[in-house]
Trainee: 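I have a structure I would like to understand better, so I am pasting it below and will then ask my questions one at a time.
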Amino acid sequence: MATTTAPTKAPGRGDRWAGPGMLLPFALFYLVFLVGPLIYTVVAGFFDASLLKKGLGDFAGLSNYAAVLGDDEFWRTLGNTLWFTVLTTVPLVLLSLVLAILADRFVRGRWFFRFAFFAPFVLPSAVISLIFTFIYADQVGLAQQAAKWIGVDTPPSWLGDPDWAMISIAAATVWWTIGFNFVLYLAGLQDIPRSVHEAAAIDGAGPWQRIRHVIVPMLGRTTTLVTVLQAVASLKVFDQIYMLTMGGPDGSTRPSLQLIYDTGFVEGRVGYASTVSLLLFVVILLVSLVWFALVRRAEKER
Amino acid sequence: MTAIATPPVTEQKTTTAGPPRKYDAERLFNRVALGTLIAFALLWLVPLAWALATSIRPAQEVVTDPTNWFTANPTLAAYGDIFDAGKLPYWYANSFITSILTTVLTVAAASLAAFALSQTRFRTRRAAFVVLLAGIMIPGQVLMIPQFLALQSVGLLNTYWGVVLPQVPNVVAVFVFKQFFDGIPRELIDAARADGAGWLRTYRQIVMPISRPVISAVTIFVFVGVWNNFLWPLLVVTDPEMMTLPVGLTSVQDVFGVPYAQLMASAVLGAIPLLAVFLLFQRRIVEGIAGTGLK
């Protein structure tokens, strides 16, 4: 929020439109590509809209909602999406926190850690998927080989086994995206004043106590941000699943966004897909609002 | 990035004031920490290194001994195959053109809007800001159907504009710019205005020149985001010569099926431009991300 005070000079003629005028180009894009589509999605959910016909089609009332909510596949893809979100958010928050705290202790060589953890993040999902297609391949892949080295005689087919496919995709995602959270945590660590570290050290706190009782609590705001950003990003997963398993085996990794993609663009059922879109949007909104509410309460109690 | 870390300080403190046992604990902890970090960092480099190593192995060797890292006969044959089979130069060019176009439009529109929200005063300013911020909550992917229909109806499928336009309203970019503009001293703007400069001139000649750090941070994260976008170009582009690199790369997989040397060569070719961007602009990328919402 702006904290600057109002100008002392009375705005001259023509000034009144300067602000809105400069806002206009962005606002147009915003209206055409965000607000308009959102309204369309809400409306289309009440119609039997189809990709093949022009216009919205017949009014369908709540039948799309009834169909989606009664569709096992909707609940299964939502379940897959939530499972993926849990599988990625937990390690992506905890591991990046640990690695950032450790890396923050070493000035020399920090560029190396930043390169190792962050470089994968800038790569396109297509590149990540190509690499992990090979790593997870049966017989020839590195992952099965590594499992054999550590004594697993018959490693599972990482992407072919319904029990393992989502876990494998989540592991690849953790590898790919941890750098983003790592950097957010490093930035948070830079904001902790040195006097805090010194005071704790003079008080005789060892490194472990300092981390537990000083550093981690002071990173609370960053942790909230990282968790919400991560959960929202994971709920929108599509790329790597589409390229690694196409949602298989047997639909076990098909996320909500792929249900929207398949029903909307492959089958052309725009009304149905719009309803799923809106419901996914509501889930994403709820997750972030609930999380923020919880954090607010925790902060008040402290 | 050059901030001084705590260990040297605490070590000194503990050697002079604290009991020696503490000093040992500190040193031991540092060793364990460094060991853990290096182990993880190496683990993190394995997939990249393996992809690179595989891409320069002769295809025959990869088939007979896939998990070997080293080859006596390194070759760039797989790269040649990719260039011959795919439309790689097109994909590079398309990714480059769409990313540049989007970035220029986004930086221009978002910075102008942020300037208006930060420095000018008009009645609906606060409301406008809240409405824009709410846009952060809207996941773009959920809106892909109406966006697609809109572009289809004006005939922009399979065009650069079809890829570019929906990616321009980047609310986070406005937010980052506004954070920076809010920190510009009020007197600077007032002085320019008192000298008779219009708002647009103040924006162009006073504000933008001093905003280089934030401009480059936004430029890089928008550029990388557009370059890496997969789902949207996958929807609007079906013509192989109009595909962006990420979409084109997935079609390589269909052409070659299993040969992993070629797959890894395409992965490396897809990775190189962004790894270069990353190495050149490491600091700016990191600043850009750190600035997305922390402070």
Side-chain angles (χ1 to χ4, degrees), chain A residues 2 4 6-7 16 18-20 22-23 25-26 29-30 33-34 37-38 40-41 99 102-107 112-113 116-117 119 122-127 130-131 134-135 140 142 145 180 183 187 190 197-198 201-202 206-207 225 236 238-239 243 257 264 270 273-274 277 280-281 284-285, chain B residues 3 5-7 10 13 25-26 29 33 36-37 40-41 44-45 47 50-51 66-67 109-110 112-113 115-116 118 120-122 125 128 135 137-139 141-143 145-147 166 168-169 182 186 199 224 228 230-231 246 249-250 260 263 266-267 270-271 274-275 278 286 289-290 293-294:
Chain A
T4 43
R16 207 191 320 167
M22 292 192 291
L23 197 57
F26 190 88
F29 278 104
Y30 186 82
F33 291 108
L34 278 175
L38 186 63
Y40 181 92
T41 304
L99 293 175
L102 296 185
D104 193 53
R105 298 175 70 88
F106 305 99
V107 179
F112 170 70
F113 301 126
F117 298 131
V122 299
L123 301 183
S125 52
V127 168
L130 286 174
I131 296 176
F134 189 17
I135 287 183
V140 301
L142 199 59
Q145 202 64 39
F180 185 82
V183 165
Q190 305 258 303
H197 291 279
E198 285 169 8
I202 291 170
L225 181 81
K236 295 187 295 193
F238 176 83
D239 299 10
M243 288 180 271
L257 216 51
V270 170
S274 296
S277 300
L280 179 62
F281 176 41
I284 292 175
L285 210 58
Chain B
T6 41
T10 49
K13 283 271 178 336
E26 201 78 36
F29 189 89
T36 313
L37 267 177
F40 268 97
W44 242 249
L45 291 174
W50 196 50
T67 49
L112 200 58
F115 178 69
S118 173
T120 69
R121 296 292 173 267
F122 53 96
R125 189 178 58 103
M137 304 293 264
I138 308 174
Q141 291 88 333
V142 164
L143 303 178
I145 292 171
Q147 288 176 343
V168 172
D182 284 348
R186 188 75 222 169
W199 281 114
V224 171
N228 288 350
F230 173 72
L231 179 52
L249 284 182
T250 53
Y260 289 109
L263 285 190
S266 24
L274 283 186
L275 281 183
F278 172 68
V286 169
I289 284 178
L294 265 181

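Here the structure is a predicted model, which means the values were calculated and not measured. Heavy-atom basis, side chains included; hydrogens, waters and symmetry copies ignored.
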Trainee: At a heavy-atom separation under 4.5 Å, does B:Phe122 approach chain A through its side chain, its backbone, both, or neither?
Mentor: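 Only the side chain of B:Phe122 comes within 4.5 Å of chain A.
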
Trainee: Among B:Ile138, B:Leu45, B:Thr36, B:Ile145, single out the residue with the greatest number of heavy-atom pairs under 4.5 Å to chain A.
Mentor: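 Most heavy-atom pairs under 4.5 Å with chain A: B:Ile145.
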
Trainee: Looking at chain A, which one of B:Leu275, B:Val142, B:Asn228 has the largest number of heavy-atom pairs inside 4.5 Å, strictly under?
Mentor: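 With the most close heavy-atom pairs to chain A, the winner is B:Asn228.
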
Trainee: Would you call the rings of A:Phe134 and B:Trp50 parallel, tilted or perpendicular if under 30° counts as parallel and over 60° as perpendicular?
Mentor: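 Correct class here is parallel.
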
Trainee: Under the side-chain hydrogen bond (donor to acceptor under 3.5 Å, both in side chains) rule, collect the residues that match up with A:Thr41, sequence neighbours excluded.
Mentor: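 Applying side-chain hydrogen bond (donor to acceptor under 3.5 Å, both in side chains) to A:Thr41 gives none.
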
Trainee: Report which part of A:Leu257 has an atom under 4.5 Å of a heavy atom belonging to chain B: side chain, backbone, both, or neither.
Mentor: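 Backbone plus side chain of A:Leu257, per the 4.5 Å heavy-atom cut-off to chain B.
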
Trainee: Taking only residues two or more places apart in sequence, or in another chain, which ones meet A:Asp239 in a side-chain hydrogen bond (donor to acceptor under 3.5 Å, both in side chains)?
Mentor: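 Expected list: A:Ser125.
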
Trainee: So which heavy atom on B:Trp199 is nearest to which on A:Ala18, and how close?
Mentor: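 Closest approach of B:Trp199 to A:Ala18: CD1-CB, 3.1 Å.
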
Trainee: Given that the side chain runs from C-beta out, which part of B:Phe278 has a heavy atom under 4.5 Å from chain A: side chain, backbone, both or neither?
Mentor: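 Interface part for B:Phe278: side chain.
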
Trainee: Using every non-hydrogen atom in the two residues, find where A:Ile131 and B:Pro47 come nearest and quote the distance to one decimal.
Mentor: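 Distance-wise, the nearest heavy atoms are CG2-O, 3.9 Å.
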
Trainee: Taking A:Pro124, A:Ala103, A:Ala116 one by one, which has the highest count of heavy-atom pairs under 4.5 Å against chain B?
Mentor: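 Among the listed options, the one with the most contacts to chain B is A:Pro124.
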
Trainee: Any idea which of A:Gly264, A:Ser277, A:Pro25 has the most non-hydrogen atom pairs under 4.5 angstrom with chain B?
Mentor: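 If we count pairs closer than 4.5 Å to chain B, A:Ser277 comes out on top.
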
Trainee: Could you tell me which of A:Ile135, A:Leu142, A:Leu34, A:Leu123 has the largest number of non-hydrogen atom pairs under 4.5 Å with chain B?
Mentor: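 Looking at each of A:Ile135, A:Leu142, A:Leu34, A:Leu123 in turn, A:Leu142 comes out on top.
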
Trainee: Look at B:Ala51, B:Ala128, B:Ala271 and state which one has the largest set of heavy-atom pairs under 4.5 Å with chain A.
Mentor: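 Max contact count across the listed options: B:Ala271.
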
Trainee: Could you give the distance from CE (A:Met22) to CZ (B:Phe115), rounded to the nearest 0.5 Å?
Mentor: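 Taking CE in A:Met22 and CZ in B:Phe115, the distance rounds to 5.0 Å.
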
Trainee: Where on B:Ala41 is there a heavy atom nearer than 4.5 Å to chain A: the side chain, the backbone, both, or neither?
Mentor: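 Contact with chain A is through both the backbone and side chain of B:Ala41.
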
Trainee: Does any backbone or side-chain atom of B:Val168 lie under 4.5 Å from a heavy atom of chain A? Answer side chain, backbone, both or neither.
Mentor: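 For B:Val168, backbone and side chain are both near chain A.
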
Trainee: Just give me the residue among B:Ala109, B:Pro146, B:Gly135 that pairs up with chain A most often, heavy atom to heavy atom, under 4.5 Å.
Mentor: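 Answer, by heavy-atom pair count under 4.5 Å with chain A: B:Pro146.
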
Trainee: Quick check: closest heavy atoms across A:Leu23 and B:Ala116, and the distance to 0.1 Å?
Mentor: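 Looking at all heavy atoms of both residues, the closest pair is N-CB, 4.1 Å.
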
Trainee: Could you give the distance from CZ (B:Phe29) to CZ (A:Arg105), rounded to the nearest 0.5 Å?
Mentor: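 One gets 5.0 Å once the value is rounded to the nearest 0.5 Å.
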
Trainee: Can you give me the closest heavy-atom contact between B:Leu249 and A:Val127, atom names plus distance?
Mentor: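 Heavy-atom minimum between the residues: CD1-CG2, 3.8 Å.
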
Trainee: Using a 4.5 Å cut-off on heavy atoms from C-beta on, say whether the side chain of B:Pro139 contacts that of A:Phe281.
Mentor: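 With C-beta onward as the side chain, the pair touches.
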
Trainee: Checking heavy atoms, do the side chain of A:Tyr30, its backbone, both or neither come under 4.5 Å from chain B?
Mentor: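 Backbone plus side chain of A:Tyr30, per the 4.5 Å heavy-atom cut-off to chain B.
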
Trainee: Are any of the side-chain heavy atoms of A:Phe238 and B:Gln141 separated by less than 4.5 Å?
Mentor: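 No, too far: nothing below the 4.5 Å cut-off.
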
